[in-house]
> 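To start, I am sharing the structure in question, which I have written as structure tokens.
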Amino acid sequence: MALTSLRATLFAIIWLAAIVVAQEEEGEDLRKEEIPMSVTFVNEMPDAVKAPSCILKSQYRKFSVHTHYFHVKLVCCLLHFNRLSNYSGRTLWLENGGWKVEGTISPRGGSLDVDSFVGHEFSYDLDGSRHYFAPREPDVSGKQYVILAGTSDGFLVRCELERKIETPDLSISSLDIIVKPYCAPRGASRFLELVRQKYFDGVVLNRVVPNFLTQFGIAKDHELKTTWGSMPILDDRPFMQFETGYVSFAGNGPDSRTTEIFIAMPGASPEQLEYFGENSWETPFAVVQDANVLTKIYSGYGDMPPWGEGPASDRIYEADGYEYLAQNFPNLDYIDRCYIVDEEIGENMAAEL
């Protein structure tokens, strides 16, 4: 009886070892099939966020030997999740059989670069809650960009306007823009960065065409517009179609977005809205809270050349561009200043303490 039991036990051990070896070989094959990608995580919240943790893309199989259960796990990202950029104090440890990354990402635009693979999931802590997600597939360069914003519906940016002419039917004071963190994350993050740098303060609303678009984003300061104009960002993957009031960067080709913004005007035809989304660099990242405000912005000069006789964008980019506007287009509306409302409130409260 004892010999029979010993044989059964040895057979079970050999059988189990064979399964483990087979699973490891299968795991190696799965790792070879995985597509590498680089993920940039950005924290746009006002407080620090714990760094994303890799949730191992694993397979579990249960085997029964008498009354004991054995779990064999195939780890597909364990050996690859091993390089972090722009991050110090890295801590890696084994927790419940998987690797995890612990750390923080600084607020208001802080970032963390991670080498990973397509389909891998991550989690992070924000406001006491853990959030889970899998980055979308990467762009042609093998990169993806993710904003960590929890369950936030968006960031409210208020652009206070400076009117050159005032009439009862044209009385508006601000343009409220809701920046959506998940629609076009690269565009959203660049816009918020420009707002924090006060880039849009004093900027002219230089192209306002009813039933078409409103466009702005050429800074008054020549050095400022030249500097930011030389730092284009990669395109976001198209995620949604345009609607009235949607906000996007303007560009002139793939990966060409810098500072110019356009907004789809009320009255734009369905065909025009569909055309807006045809180019990869025209991906909406925000929406105007009240699109009717756009109809009250001064539009008397028409479109830019060659479609009209309004201000020429290339002329505004010159060193004396704003003098050119003042002399030839004195009624244009301007943005006095733009700010992120929650951050403005927080700073004001801190100043009062």
Side-chain angles (χ1 to χ4, degrees), residues 139 153-154 156-157 159 161 169-170 172 174-188 190-191 194 200 203-218 229 232-317 325 329 331-335 338:
D139 55 29
D153 290 331
L156 175 58
V157 173
C159 294
L161 302 182
D169 61 326
L170 292 178
I172 59 172
S174 65
L175 192 64
D176 286 351
I177 299 172
I178 306 295
V179 178
K180 300 293 186 178
Y182 305 120
C183 296
R186 287 189 179 94
R190 167 55 68 90
F191 180 74
L194 291 171
F200 296 112
V203 162
V204 65
L205 297 162
N206 58 289
R207 189 183 183 193
V208 185
V209 185
N211 304 316
F212 182 35
L213 58 73
T214 291
Q215 190 163 329
F216 63 93
I218 306 175
I233 59 174
L234 297 175
D235 291 341
D236 285 294
R237 295 176 66 91
F239 182 65
M240 59 196 305
Q241 292 186 332
F242 269 84
E243 296 182 14
T244 296
Y246 277 21
V247 184
S248 169
F249 275 89
N252 55 15
D255 304 328
S256 63
R257 298 178 297 174
T258 55
T259 64
E260 289 200 61
I261 308 293
F262 76 89
I263 309 171
M265 289 283 274
S269 68
E271 293 77 15
Q272 180 60 61
L273 293 174
E274 185 175 350
Y275 176 76
F276 278 146
E278 285 188 356
N279 297 318
S280 61
W281 55 93
E282 294 179 353
T283 306
F285 65 85
V287 60
V288 174
Q289 200 167 49
D290 180 6
N292 289 325
V293 170
L294 299 169
T295 64
K296 300 177 181 179
I297 297 173
Y298 187 80
S299 60
Y301 295 119
D303 203 352
M304 67 180 186
W307 304 282
E309 298 181 355
S313 295
D314 57 350
R315 184 67 180 82
I316 306 173
Y317 272 102
L325 291 173
F329 307 97
N331 294 334
L332 289 173
D333 291 326
Y334 290 73
I335 293 174
C338 285

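By convention here, the first residue in the shown sequence is residue 1.
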> How close do V293 and L175 get, heavy atom to heavy atom, and via which atoms?
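So the two residues come closest at CG1-CD1, 3.9 Å.
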> Going by the side chain to side chain contact (heavy atoms under 4.5 Å, CB included) test, name the single residue among V208, V209, T214 that passes it with F212.
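When V208, V209, T214 are each tested with F212, the side chain to side chain contact (heavy atoms under 4.5 Å, CB included) holds only for V209.
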> Could you tell me the separation between the CD atom of Q272 and the OG1 atom of T244, rounded to the nearest 0.5 Å?
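Reported value, rounded in 0.5 Å steps: 11.0 Å.
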> Measuring centre to centre across the rings, with the benzene-like ring taken for any Trp, is F276 within less than 6.0 Å of F262?
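Here the rings of F262 and F276 have centres that are less than 6.0 Å from each other.
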> Side chains of S299 and P210: does their closest heavy-atom pair fall under 4.5 Å?
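Result yes, sub-4.5 Å side-chain heavy-atom pair found.
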> Quick check on side chain to side chain contact (heavy atoms under 4.5 Å, CB included): which of I261, D333, I297 does F216 satisfy it with?
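Going through the options one by one, the only one that passes is I261.
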> Please list, chain by chain and in numerical order, all residues satisfying side chain to side chain donor-acceptor pair (under 3.5 Å) with R186, sequence neighbours excluded.
D139
> Which atoms form the tightest heavy-atom contact between S280 and D235, and what is the distance?
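Heavy atoms of S280 and D235 come nearest at OG-OD2, 2.7 Å.
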> Would you say F285 and R190 make side-chain contact, with heavy atoms under 4.5 Å?
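No, every pair of side-chain atoms sits at 4.5 Å or beyond.
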> Check whether any side-chain heavy atom of M240 sits under 4.5 Å from a side-chain heavy atom of P284, and report yes or no.
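With C-beta onward as the side chain, the pair touches.
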> Is there side-chain contact between I177 and V287, with at least one heavy-atom pair below 4.5 Å?
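Contact flag for I177/V287 side chains = no.
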> When rounded to the nearest 0.5 angstrom, what is the spacing between CG in L205 and CG in L294?
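The CG atom of L294 is 9.5 Å from CG of L205, to the nearest 0.5 Å.
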> Which pair of non-hydrogen atoms, one from G217 and one from V203, has the smallest distance, and what is that distance?
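Shortest heavy-atom separation between G217 and V203 comes out as N-CG1, 3.5 Å.
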> Is there a side chain to side chain contact (heavy atoms under 4.5 Å, CB included) between I178 and D153? Walk through the geometry before answering.
CA-CA 8 Å; I178 306 295; D153 290 331; 6.0 Å; no
> Using the rule given for side chain to side chain contact (heavy atoms under 4.5 Å, CB included), can you reason through D290 versus D176, listing the C-alpha separation, both sets of side-chain angles and the distance that settles it, and then say yes or no?
CA-CA 7 Å; D290 180 6; D176 286 351; over 6 Å; no
> Please list all pairs meeting salt bridge (Lys or Arg N to Asp or Glu O under 4.0 Å) that have one or both residues in residues 236-249, counting only residues at least two apart or in different chains.
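Passing the test, one end in residues 236-249: D236-R257.
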> So P232 and D255, do their side chains get closer than 4.5 Å, heavy atoms only?
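No - every pair of side-chain heavy atoms lies 4.5 Å or more apart.
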> What closest approach, in Å, do P305 and G310 show between heavy atoms, and which atom pair accounts for it?
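In terms of heavy atoms, the two residues are closest at CD-O, 3.3 Å.
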> Where is the tightest heavy-atom contact between P311 and L332, given as atom of each residue plus distance?
CG-CD1, 3.8 Å
> Look at atom OH of Y317 and say whether more than 12 heavy atoms of other residues, nucleotides or ligands are closer to it than 6.0 Å.
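Counting neighbours around OH of Y317, more than 12 heavy atoms of other residues, nucleotides or ligands fall under 6.0 Å, so yes.
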> With rounding to the nearest 0.5 angstrom, report the CZ to CD distance, F249 to E282.
12.5 Å
> Go through the steps for V247 and V288 under the test side chain to side chain contact (heavy atoms under 4.5 Å, CB included), then give the verdict.
CA-CA 7 Å; V247 184; V288 174; 4.0 Å; yes
> Working to the nearest 0.5 angstrom, can you tell me the gap between L273 CG and M265 CE?
12.0 Å
> To the nearest 0.5 Å, what is the distance between CG (L213) and CD1 (I263)?
9.5 Å
> Compare all side-chain heavy atoms of I316 with those of F329 and state whether any distance is below 4.5 angstrom.
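The answer is no; the side chains never approach within 4.5 Å.
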> If I take atom OG1 from residue T258 and atom CG from residue N252, how far apart are they, to the nearest 0.5 angstrom?
8.0 Å
> Do N331 and Y301 come close enough that some side-chain heavy atom pair is under 4.5 Å?
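Yes, at least one pair of side-chain atoms sits under 4.5 Å.
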> For F200 and V157, run side chain to side chain contact (heavy atoms under 4.5 Å, CB included): C-alpha distance rounded to whole Å, both residues' side-chain angles, the deciding distance at 0.1 Å, then the answer.
CA-CA 11 Å; F200 296 112; V157 173; over 6 Å; no
> Can you tell if the side chain of K180 reaches within under 4.5 Å of the side chain of Y246, non-hydrogen atoms only?
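Side-chain contact under 4.5 Å: no.
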> Considering non-hydrogen atoms only, spot the tightest contact between S248 and W281 and give its length.
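Scanning both residues completely, I find the closest heavy atoms to be OG-O, 4.1 Å.
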